[in-house]
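Have a look at the structure below, then the notes.
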Amino acid sequence: MTVLEAIKLSTEFLTRKGLESPRLNAESLLAHVLSLPRMGLYLNFERELTQAEVEASRELLRRRGQREPLQLILGTTSFCGFEIAVTRDALIPRPETELLAEAAWTWLRDREPGSGSNREASVVLDWGTGTGCIAIAIARHCPEAVIHAIDISPAALDLARHNAAQNTVLERIHLAVGNGFVAVPEGVRFDLVVSNPPYIATGDIEDLEPEVRNHDPATALDGGLDGLEIYRQLAAQTEVYLKPGGRIMLEFGDGQADPLREIFTRQNWIVEGVKQDYTQRPRILIASRMDTNG
Ligand SMILES: C[S@@+](CC[C@H](N)C(=O)[O-])C[C@H]1O[C@@H](n2cnc3c(N)ncnc32)[C@H](O)[C@@H]1O
């Protein structure tokens with residue numbers, strides 16, 4: 001079987017399984033087996049596959065056909081252009097979260113130099129770091145920043161540690177395990193608290209795509225009865241950990257913009273803005289404290 005024939009057969013198989021973008025999936029899996037960049041397949045269409053390559057491809061296709069996420073099968077994904085290892089221990093980073101990371105590093109870099117707390121290196125908290133993707137992207141874009149990355153899952157933190165080391169920013173990312181702010185070292189205060197917390201209502205989890213429902217850890221998805229539980233905690237607890245003039249930036253899900261505004265406003269936050277994602281859906285809340293603003 002040639003590379004081109006394998007791509008066609010695999011695409012047909014994944015189409016029958018009901019996957020979106022079956023050809024892209026088929027090519028990505030075959031490129032992985034052949035240790036080629038995906039575009040390298042196009043230069044090798046006539047190449048004959050060995051028996052071992054056919055069998056390896058078949059196994060990966062079987063897994064993808066059972067709706068195991070492509071990134072999990074490949075063991076890696078790209079986040080803001082940085083390579084992030086993925087396992088079943090943490091949420092697979094999503095494209096919309098790249099906007100949150102970008103909003104964070106843009107704000108940190110744009111702050112007026114030389115004023116107030118900005119004389120010192122910025123200190124950031126990544127609440128619920130998972131793979132470490134947000135912390136790593138901020139650290140890479142803000143070479144002076146120090147980031148505390150916390151998570152309730154020790155296995156996720158191990159993965160975040162590995163990813164931070166691979167992206168050469170481990171010395172500026174302090175990892176700690178614990179339930180929310182309990183993991184923050186005594187006395188540390190932040191210029192920015194950033195989080196993509198679990199925000200799916202418990203009852204909606206069973207309706208998610210199988211790739212998400214069966215493979216992302218429940219602790220990364222479950223936001224309580226109405227999906228807003230962690231936001232209530234963040235609105236109530238973050239204040240004491242913020243430096244004057246600090247910000248909170250949070251990703252949230254569909255339909256949560258209005259309830260979030262209300263939750264934060266009621267807790268004396270000023271909502272500075274809500275950013276939309278690539279599909280024009282409101283996705284990121286940016287807020288500061290009424291009493292420490294400026
Ligand atoms: C939606 S995932 C986000 C992971 C990563 N930041 C990202 O954007 O891809 C939420 C993360 O919050 C963590 N988490 C959930 N509850 C937590 C808690 N009470 N304290 C600390 N971390 C928590 C989960 O383990 C998970 O890694």
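All values reported here derive from a predicted model rather than from experimental measurement. Order of appearance sets the numbers: ligands from 1, and atoms from 1 within every ligand.
In this comparison of T129, D222, I200, N196, the heavy atom closest to atom 5 (C) of ligand 1 sits on T129.
Protein heavy atom closest to atom 1 (C) of ligand 1, with residue, atom name and distance, is A220 O, 3.0 Å. Atom 20 (N) of ligand 1 has G180 N, 2.8 Å as its closest protein atom, hydrogens excluded (heavy atom only). W127 CH2, 3.5 Å is the protein heavy atom nearest to atom 17 (C) of ligand 1. Counting protein heavy atoms only, atom 15 (C) of ligand 1 is closest to T219 O, 3.3 Å. For atom 14 (N) of ligand 1, the closest non-hydrogen atom on the protein side is I152 CG2, 3.9 Å. Summary of contacts: the protein heavy atom closest to atom 25 (O) of ligand 1 is D151 OD1, 2.6 Å.
The heavy-atom pair separating S195 from L100 by the smallest distance is O-CD2, 3.5 Å. The minimum heavy-atom distance linking A90 with L159 is given by the pair CB-CD2, 3.9 Å.
Contacts with ligand 1 closer than 4.0 Å are made by no heavy atom of Y199, backbone or side chain. Here T97 has side-chain heavy atoms under 4.0 Å from ligand 1, and that is the only part of it that gets that close. Contacts of A156 with ligand 1, taken as heavy-atom pairs under 4.0 Å, are absent altogether. Using a 4.0 Å cut-off between heavy atoms, C133 contacts ligand 1 through its side chain alone, with no backbone atom that close. No part of I92 comes within 4.0 Å of ligand 1, judged by heavy-atom distances.
Under a 4.0 angstrom heavy-atom cut-off, A183 registers as lying outside contact with ligand 1. For the pair P198 and ligand 1, a heavy-atom separation below 4.0 Å is found.
Interface atoms of ligand 1 facing G178, defined by a heavy-atom separation under 4.0 Å, are 20 (N), 21 (C). Using a 4.0 Å cut-off to heavy atoms of G128, the atoms of ligand 1 that qualify are 3 (C), 4 (C), 5 (C), 6 (N), 11 (C), 12 (O), 13 (C), 22 (N).
Look at R232 and E229 and you find a salt bridge, because one of the NZ, NE, NH1 or NH2 atoms lies within 4.0 Å of a carboxylate O, short of that distance. Salt bridge status for D216 with R94: present, with a side-chain N to carboxylate O gap under 4.0 Å. In this structure, R47 pairs ionically with E53, as a charged nitrogen and a carboxylate oxygen lie closer than 4.0 Å. We find that E12 and K8 are not joined by a salt bridge, their nearest charged nitrogen and carboxylate oxygen being 4.0 Å or further apart.
With R172 contributing its side chain and A145 its backbone, the two residues share a donor-acceptor pair below 3.5 Å.
The shortest N or O to N or O distance between I134 and ligand 1 is not below 3.5 Å. Note: no N/O pair closer than 3.5 Å links S153 and ligand 1 by distance alone. In terms of polar-atom proximity, N179 is counted as a contact of ligand 1, with an N or O under 3.5 Å from an N or O of the ligand.
Aromatic ring centres of F181 and Y241: separated by under 6.0 Å.
Annotation for E59: atom CD counts as buried by contact number, over 12 foreign heavy atoms lying within 6.0 Å. Annotation: E171, atom CD; neighbour count of heavy atoms from other residues, nucleotides and ligands within 6.0 Å is above 12.
Judged purely by distance below 3.5 Å, without hydrogens or angles, the side chains of R111 and S122 pair a donor atom with an acceptor atom.
Using bins of under 30°, 30° to 60° and over 60° for the plane-to-plane angle, the ring pair H174/H148 lands in the tilted bin.
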